[in-house]
Amino acid sequence: MNDEKKISGGMSEVVKTVCNILEGFIFVFGCYIVLYGQLSPGGGFAGGVILAAVFILIMLAFGKERILKIMPRKRGAFIEALGALAFLAVAWAGLYVSGIFFKNFIPTTAASHFNLMSGGTILICNIAIALKVMAGLFLVFFVLSITRVVLEGDKLKMVKKQ
Amino acid sequence: MIYTACIALFVVGLYGICCKKNLIKIVLGFIIMDYAVNLFIILIGYRKNGIAPILDKTMDVNKFALNSVDPMPQAIVLTAIVIGLAVTALMVAVCVRIYERYGTFDITKIRKLKG
Amino acid sequence: MERYIYLILLPLGGAFIIAALNAAVKSRDTRNITADILANLITLATAGIALTSFGINGSYSVGGWPVPLGINLAADGFSILMLATVNTIAFCATLYSINYMDQYTSKRHYYSLFLLMLTGMNGVLLSGDLFNLFVFIEIASISSYALVGFGTEAEELEASFKYMVMGGIASTFILLAVTILYSSFGVLNMANISQAISVSSQTPLLKFSLFLFIAAFSIKAAIIPFHAWLPDAHPAAPAPVSAMLSGVLIKTLGIYTMIRIIMNIFAADVSILAPLGIISIMIGVLLALGQTDMKRLFAYHSVSQIGYIILGISLGTPLGILGALFHLVNHSIFKSLLFLNSGAVAYRLGTRELNDMGGLNKVMPITGGTSFIASLSIAGMPPFNGFFSKLIIILACVQAGRPGFALWAVAGSILTLSSFMKVQKFAFFGKLAEKHKQIKEAPLMMSISVVILAVLCIATSLLVLPKVKNIVLQPAVDAVLAGAEYAKIIR
């Protein structure tokens, strides 16, 4: 019976309080790593993993019900596909605007080096990749952990633990 | 000499894939082998007493190019890690489904396909 | 040259649009029909682009970055021939899956994975950069691992896991070999590496990386003794996926990349592949003689026919390579046709065992007729295309001074003929069982795609005519034989 409560309700009060405080900071840190990807180490994939870690943390600390209100499965799949389509749209836009596929068509001047807007299309590509990685990693973790294999009668069956 | 760790990890991973009977241990062997190759790629770009490949406002570009470690293997490794993650996730998902169908993780008992 | 970008962009965009449809559209039937229409339009467009591009060679620098710094897409005669083959078979397979995939759930996931696999294959054929090649090989492989286990029954999952582990080992070897080449030369571009190898000495490190490449691509192409995953994976997959896997995937990821690496980059001696080819021909056919499962029999014959292609390439003469490339195109067509027919039979009857069938020609005439054409093609009967390609390979063996190989090839061909006569007798001729008297013909879309492939079976035998050969096949042979001159494509 204790196991049932643990699976559906999340963890103890200490964990829930700390998670409430920390999740905002981790999210902002993840966004920083994504946005400054052209100036310091990081970029789309690393930032996306950190952002996914926020959702996984919420799921571990509070249980499934709360995360299903924020990011149900369909919304996650849609954000994932949206990230990939945004990346492809930027690549195609390079072809459309200046005749070369994937070209960096946002002009940058020498005065704007080392600033946030100095990368051109790299910024948009980083955000798209971060969206895809965040949704993808979280969905993989979610799907692998909510299905359980239980013994029903004498056959094994896969059930979605509600 | 510096690549000994990579070769050792690669052989350990290959041993895990070839000689272990549990499905999960085979997946772990595959992960170790993948990371051994990633470590090898990173170590190729090393330059003795080199600096990190981040350009600062105060640095001269030519001096930077002479001193930094090679940034290209780092980009290669980022992609390779993502690919390894995707294959691992797929393998683990298939393992869970196999457990549901066969009831065991032992590969000597998962032998419906023969001939 | 911009047209080649759409060959990668269209399927990739289509895969994600179909995946995004899941959340945007509510009703399941609308989702399935939209996914059907979108996927078929995309494969029709890519097949159209690929078939009208014979002769447009060149290299395209992506993003405007010049060549050693950036990656490029390079198309020469060999790439264009394979692109036409891959996209045509993909179009027929998607046409077929409109009806066939109704028996599985979640058709939209199937189309997403299928279009991703097509993207990966197109990317492999077009890439001019070694690491880009690795990434596209991985995209195509991972999609095919998921597609093999698509209907999640026990045997399909076991086959998918076996395929995944062996394919994963091959991909790790490829990455290791690419890294060794990068550490020796400092560039990743295929043309630059081929120029650098032609002026440098043969260090043991280069030989090691060549060996890793041959091992990895042999696993991907299922040459004996690395074939162990193929007889399990190809029957377990749904029928259009089996057609794609056996028809184009093992050739793109195995044979095309092997030829590029050995002949164009390393410019090494190819005759080391000859024993592998002969062993594949004989052992593949001998193992196929005892099978009673229809698709498993076809899978073993795939191993055997790939042996013919490897034999033709290992001769190294222009006639040998012409025969090998012609056989590659032909095998894609008739092997896909055979797998699609077996899928139609399984769709109506529910079984793949040869002993349970009989006399199906009376109730399924289109399936029986096209299957008969495909069986005659693979056995090498005139006037179908298999006859011409096998004849050219056998003549090339004799011309290159190795009549022993020609004898093995003829023996393999005779055993193939006997094996397929067995299939025809058990499945299509003979007495019709009582329980099968109510079976109808395969549905409309499946029949249309099968008839298209059967017509292509006869039409590709026209490729030996000199006028057609010079447009289609001869540029491919010249591109392969050019060896290290491949670098001239960058200008």
Side-chain angles (χ1 to χ4, degrees), chain A residues 38 44-45 68 70-108 119-122 124-125 128-129 131-133 135-136 138-140 142-144 147 149 155-160, chain C residues 1-28 31 35 38 42 58-67 69-73 106 108-109 111-113 115-116 119 123 126-129 132 135 139 142 146 152-154 157:
Chain A
Q38 71 268 22
F45 180 65
L68 279 176
I70 307 177
M71 174 93 79
R73 268 170 73 181
K74 284 206 174 178
R75 195 179 298 172
F78 186 68
I79 292 182
E80 179 177 5
L82 196 67
L85 285 175
F87 192 83
L88 278 178
V90 166
W92 184 76
L95 181 62
Y96 186 66
V97 166
S98 69
I100 304 179
F101 186 61
F102 234 135
K103 184 166 176 57
N104 203 342
F105 54 88
I106 301 179
T108 62
T121 49
I122 300 182
I124 311 178
C125 288
I129 296 178
L131 278 179
K132 185 167 190 14
V133 171
F138 168 65
L139 277 181
V140 165
F142 185 69
V143 166
L144 278 180
T147 55
V149 181
K155 279 170 49 87
L156 285 169
K157 204 162 137 45
M158 197 165 242
V159 291
K160 225 163 141 179
Chain C
M1 193 66 203
E2 268 94 22
R3 54 169 62 202
Y4 291 122
I5 296 172
Y6 288 105
L7 282 176
I8 302 181
L9 195 58
L10 277 178
L12 193 57
F16 289 115
I17 291 179
I18 293 179
L21 276 181
N22 186 12
V25 177
K26 290 301 169 207
S27 102
R28 169 179 282 202
R31 282 200 292 243
L38 198 58
I42 289 179
S59 125
Y60 185 86
S61 302
V62 175
W65 301 102
V67 152
L69 297 174
I71 60 180
N72 63 330
L73 301 175
S106 65
R108 59 195 178 280
H109 292 150
Y111 278 123
S112 287
L113 286 169
L115 287 177
L116 269 180
T119 309
L126 280 174
S127 99
D129 186 81
N132 208 15
V135 170
I139 294 178
I142 295 180
T152 48
E153 300 297 320
L157 290 171

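Numbered from 1 within each chain, the chains take letters A, B, ... in sequence-line order.
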query = Using non-hydrogen atoms only, which part of Ile17(C) is less than 4.5 Å away from chain A: side chain, backbone, both, or neither?
reply = both
query = Contact part of Leu12(C) toward chain A, heavy-atom cut-off under 4.5 Å: side chain, backbone, both or neither?
reply = both
query = Considering all heavy atoms of both residues, which atom of Ala20(C) and which atom of Phe78(A) are nearest to each other, and what is their separation?
reply = O-CD1, 3.6 Å
